[in-house]
There are 2 protein chains.
Amino acid sequence: MAGVSCSACPLRRFRIFTPFTPGELAFQQDFKSGELTADPRTTLLMEGSNAPQLFTVLSGMGVRYKTLENGRRQVISFVLPGDFLGLQAGVMGEMRHSVEATTRMRLCVFRREDLWRLFQAQPARAYDLTWLGAIEEHLLGETIVTLGQRDATQRIAWAFYKLFRRLRAVGLGDPRGVPLPFRQQDLADALGLSLVHTNKTLKRLAAAGQAVWSRGRLELADPAALAAIGLVDHHRPERRPLV
Amino acid sequence: MAGVSCSACPLRRFRIFTPFTPGELAFQQDFKSGELTADPRTTLLMEGSNAPQLFTVLSGMGVRYKTLENGRRQVISFVLPGDFLGLQAGVMGEMRHSVEATTRMRLCVFRREDLWRLFQAQPARAYDLTWLGAIEEHLLGETIVTLGQRDATQRIAWAFYKLFRRLRAVGLGDPRGVPLPFRQQDLADALGLSLVHTNKTLKRLAAAGQAVWSRGRLELADPAALAAIGLVDHHRPERRPLV
DNA sequence: CGGAAGATTGACGAATTTCAAGCAAAGTGG
DNA sequence: CCACTTTGCTTGAAATTCGTCAATCTTCCG
């Protein structure tokens, strides 16, 4: 699976090769590279934990989620290559949601102290980080709009379109389709729908020839048409020139 | 209405008294103080605009919202004293949602250029800003969980409890209740519910003696009980010591 | 081959939306 | 000060989306 170069990490200048307590996490770590590999199902960050690590996703995918007392799970967002993980814990002191690897993932690891040193010594990089945060905040805002105002078909169309664009932007897939290694249950939990209703809506989208998602691959006949169904708000966030 | 001191602005050292084009916005501005007053219904930031201003809310309340092509509106979050507005535009170049004043508001104004100068010269303040961003991101994540997994009663209980806590934290109201000058329609749009269903659910909460919201004031008999109904995740974000 | 995880389907019920009025409070102009 | 208007709140009934239950099927893997 293609990925993102480690040179894309906002903190790359401050990379520190943090050894983990052996067995502390089910990670295999390559100390030479400062990278880390996580197997599918591994919890990278756990809600309530005071994780001292920050990650940049180099390759692989996962989910951020939160579990309620009543057992229901909400997937807050899908984690794709290029995403930055742990800023919340880094800055608030504690994760308020969990992050789990869906596929095998490669990650670039930093320590929390690096974050503060970054702000002191590399304002441009700190600004980049804030930019990443704003992008993420924007995505969460759009997700709120989706959960609040769109019906099942629109939600799925919206999600498919956004995932397609995000994945294409990091070089994955081709103009016809992208890898999407999640379960229907993950999508249902992300969109606030039941598994059954998600399944039936998926079926309808496929029957209509608009989107086929099977065996971990999402194929879109006409992304623009799907965007229209999902009432997608077109906007390409661009890096704002400093000043 | 009580408020927040301007000295709480993360950018206070960089305050610049930006004169607006007269009549450009329906604002009354006090040039001497670098503050700005917005009347109810005034749009502070508009979706799609390239607003050169950033604000800290000193007093008053408003809503962030986004309107869909189909006319439906989603309130992304309620804007309370102490909130920072416009970071998205400041860093992404364009607002992706609008912000409207509900009550009369007092704001502290900055220019976008100040943001970059802040990162260069005041790393601690830049860090504060990132901290604010992380808090906001956390709130949006919780909102997603609410819209995705909670039913109408739980959503309203959750919203009431969170608003109560946030308002109390900035010194508004008293242990029995807080000012909440929004319309039922605003709450409905924030929680992804219809006005009718919101109204009936509010009625039930009031009849059960759990929360009474009328004439702009929200009274909670027992905040903890309401939190339980709303399955609220207890957590008090604290300022993380640097390093 | 057997087991487990995930996908699929139909039937039924519950939560929520929409539609359609009517009511109350607060402003506005004469 | 009073019609008149506007905005927001309230209520009932009908329509619908969506969730739950229960079962079956498929795929994958050891």
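Order of the sequence lines fixes the chain letters, A, B, ..., with proteins taken first and strands second; residue numbering starts at 1 for each chain.
P81(B) and L58(B) get closest at one heavy-atom pair: CB-O, 3.8 Å. Closest of all the heavy-atom pairs between G86(B) and M95(B) is CA-SD, 4.2 Å.
At its two ends the helix from dC1(C)-dG30(D) to dG30(C)-dC1(D) runs along axes set 40° apart, each axis drawn from five pairs and the angle rounded to 10°.
The side chain of Q185(A) places no N or O atom within less than 4.0 Å of a non-bridging phosphate oxygen (OP1 or OP2) of dA7(C). For R72(A) and dT20(D), the shortest distance from a side-chain N or O to OP1 or OP2 is below 4.0 Å.
Atom CG of L180(B) and atom P of dC9(D) are 11 Å apart (whole Å). Distance D189(A) CG to dG6(C) C1': 14 Å, rounded to the nearest Å. With rounding to whole Å, R183(A) atom CZ is found 14 Å from dT8(C) atom P. The separation between R41(A) atom CZ and dG6(C) atom C1' is 10 Å, rounded to whole Å. If you take CG of N70(B) and C1' of dT17(C), they are 14 Å apart, rounded to a whole angstrom. In this entry the distance linking CG of L187(B) with C1' of dT10(D) reads 16 Å, nearest Å.
Annotation: proximity of residues 192-201 of chain B to DNA chain D (heavy atom, distance under 4.0 Å) is found for V196(B), N199(B), K200(B), numbered in ascending order. Shown for residues 203-217 of chain B: residues whose heavy atoms fall under 4.0 angstrom of DNA chain D, namely K203(B). Scanning residues 146-157 of chain B for heavy-atom distances under 4.0 Å to DNA chain C yields D151(B), A152(B).
Ion pairing between D174(B) and R217(B) holds under the 4.0 Å rule for side-chain N and carboxylate O.
Counting only residues at least two apart or on different chains, no salt bridge (Lys or Arg N to Asp or Glu O under 4.0 Å) pair has a member in residues 191-215 of chain A.
Put simply, the side chain of Q210(A) never gets that close to the backbone of L220(A): no donor and acceptor are under 3.5 Å apart. Without hydrogens or angle criteria, D189(B) side chain to D186(B) main chain gives no donor-acceptor distance under 3.5 Å.
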E136(B)/F84(B) under side chain to side chain contact (heavy atoms under 4.5 Å, CB included): CA gap, chis, key distance, verdict: CA-CA 9 Å; E136(B) 179 67 19; F84(B) 190 68; over 6 Å; no
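Residues that satisfy the side chain to side chain donor-acceptor pair (under 3.5 Å) test with R64(A), not counting sequence neighbours, are S77(A).
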